[in-house]
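One structure is given below, encoded as structure tokens.
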2 protein chains.
Amino acid sequence: MHSKEIFNIVKARRESLNVTQETLAQLSGVALRTLKQFESGKGNPTLQTLQKLGDALGLEVTVIIKNRGINA
Amino acid sequence: MHSKEIFNIVKARRESLNVTQETLAQLSGVALRTLKQFESGKGNPTLQTLQKLGDALGLEVTVIIKNRGINA
DNA sequence: ATATAAAGTGCAGTGAAAAGCACTTTTTAA
DNA sequence: TTAAAAAGTGCTTTTCACTGCACTTTATAT
């Protein structure tokens, strides 16, 4: 999952919940300026920032093993 | 998934592949000092750093929707 | 058409992530 | 037991994420 895909998921989720960037910024504790950056495809968020947004949106940041068929 | 869980997965994966921190640092392009921080439970990596480690270890950073039973 | 709300952008300051270096501690083999 | 390898830690510098502010552009009504 590339950065931009992740940004798109955050944006899509926010929109599907009918929440403005400003409201999400308040709910998540992430600055509006920062959120705008991500939704316009730029930036390199810290894990903490991603998790704040995730918490507010009902999303979870996970790390999974690729190639489940081949590896254990 | 909390930060420390993610760190633990990275560490466990590295160990299961029998790779040293030093080798992983070289393979991933993440500095040894930075990697050491994470594996000792500290720090707040950027998405890019997490993805570099993930790429080297066959792990993927994803964002998923919580409560799959309740939400669409 | 035109207010109003929402989203996008440039610039600058602050703090923290990333990294290098030197050193200590722990683990692993011989 | 004791070298050697691997992992952990303190200190420092450099880079950049995060943020605020001011402004522009684009949607969304009325």
Side-chain angles (χ1 to χ4, degrees), chain A residues 1-67 70-72, chain B residues 1-67 70-72:
Chain A
M1 221 176 208
H2 192 292
S3 314
K4 293 192 180 177
E5 291 181 61
I6 292 178
F7 294 156
N8 286 339
I9 289 177
V10 170
K11 180 173 186 175
R13 177 68 170 173
R14 178 182 63 77
E15 287 174 342
S16 83
L17 294 174
N18 270 85
V19 175
T20 65
Q21 290 180 344
E22 191 162 11
T23 301
L24 175 55
Q26 290 168 198
L27 289 177
S28 66
V30 172
L32 180 58
R33 188 65 183 79
T34 304
L35 176 56
K36 284 172 183 295
Q37 257 176 349
F38 300 148
E39 291 204 4
S40 53
K42 298 160 194 168
N44 176 27
T46 62
L47 178 56
Q48 198 181 18
T49 297
L50 253 189
Q51 284 173 334
K52 282 185 188 175
L53 293 174
D55 287 349
L57 290 172
L59 298 174
E60 183 172 19
V61 180
T62 68
V63 173
I64 60 173
I65 299 179
K66 288 182 196 171
N67 313 319
I70 298 173
N71 294 283
Chain B
M1 219 175 209
H2 191 288
S3 314
K4 292 190 181 176
E5 291 180 59
I6 291 178
F7 294 155
N8 286 339
I9 288 176
V10 170
K11 180 173 186 175
R13 176 67 171 175
R14 177 182 64 78
E15 287 174 341
S16 84
L17 295 174
N18 269 85
V19 173
T20 66
Q21 290 179 343
E22 191 163 11
T23 302
L24 175 54
Q26 290 168 198
L27 289 179
S28 64
V30 172
L32 180 59
R33 187 66 183 77
T34 304
L35 176 55
K36 283 171 183 295
Q37 255 176 351
F38 301 148
E39 290 204 4
S40 55
K42 298 160 194 167
N44 175 27
T46 62
L47 177 56
Q48 197 181 24
T49 297
L50 256 188
Q51 285 173 334
K52 282 184 188 174
L53 294 173
D55 287 349
L57 290 172
L59 299 174
E60 183 171 19
V61 181
T62 67
V63 173
I64 61 174
I65 299 180
K66 286 183 196 169
N67 313 317
I70 297 172
N71 294 280

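Hydrogens, waters and symmetry mates play no part in the numbers below; they use all other heavy atoms, side chains included. This is a predicted model, so every value here is computed, not measured. A, B, ... follow the sequence lines: proteins, then strands. Residue 1 opens every chain.
For the side-chain contact (heavy atoms from CB on, under 4.5 Å) with B:Phe38, the qualifying choice from B:Thr49, B:Val10, B:Asn44 is B:Thr49, the only one to do so.
Within the 4.5 Å cutoff, the side chain of A:Thr34 has no heavy atoms near those of the A:Lys52 side chain. Counting heavy atoms from C-beta outward, B:Leu53 and B:Leu59 have side chains that stay 4.5 Å or more apart. Contact of the A:Met1 side chain with the B:Val61 side chain is not registered, since no non-hydrogen atoms from C-beta on lie closer than 4.5 Å.
When each of C:dT9, D:dA7, C:dG8 is scored by its nearest atom to the side-chain atoms of B:Thr20, the top-ranked nucleotide is D:dA7. Considering only side-chain atoms of B:Thr34, the nucleotide from D:dC18, C:dT9, C:dA19 that sits closest is C:dA19. Closest approach to the B:Gln21 side chain among D:dA7, C:dA7, C:dA17 is made by D:dA7 (side chain taken as heavy atoms from C-beta onward). The side chain of B:Arg14 lies closest to D:dA7 when the candidates are C:dA17, D:dA7, C:dA19. Taking the side chain of A:Ala31 as heavy atoms from C-beta on, and the options D:dG20, C:dG8, D:dA17, the nearest nucleotide is D:dG20. Residue B:Ser40 places its side chain closer to D:dT9 than to any other of D:dA17, D:dT9, D:dT19.
Within the 4.0 Å cut-off from OP1 or OP2 of D:dA17, not a single side-chain nitrogen or oxygen of A:Thr49 is found. Phosphate proximity of C:dT9 to A:Lys42: present, with a side-chain N or O under 4.0 Å from OP1 or OP2. Applying the 4.0 Å criterion to OP1 and OP2 of D:dT25, one finds that A:Lys36 has every side-chain N and O outside that range.
Note: CD (B:Gln26) to P (D:dA6) measures 11 Å, nearest angstrom. When the P atom of D:dG8 is taken as reference, atom CG of B:Leu24 falls 13 Å away, rounded to whole Å. A:Phe38 has its CZ atom 16 Å from the P atom of C:dA7, to the nearest Å. At whole-Å resolution of the value, CG in A:Leu47 and C1' in D:dC18 are 15 Å apart. Atom-to-atom, CG of B:Asn18 to C1' of C:dT28 comes out at 13 Å; the value is rounded to the nearest Å. Separating the CD atom of B:Glu39 from the P atom of D:dA6 is a distance of 14 Å, rounded to the nearest angstrom. For the pair B:Gln37 CD and D:dG10 P, the interatomic distance rounds to 11 Å; values are reported in whole Å. A:Leu35 places its CG atom 14 Å from the C1' atom of C:dT9, with the value rounded to the nearest Å.
DNA chain D is contacted by both B:Glu15 and A:Leu32; B:Glu15 maps to the nucleotide lying nearer its 5′ end (nearest heavy atom per residue).
Judged by atom type and distance alone, A:Arg33 does not reach the base of C:dG8 through any side-chain donor-acceptor pair under 3.5 Å.
A distance of 6.5 Å separates CZ of A:Arg14 from CG of A:Leu35, quoted to the nearest 0.5 Å.
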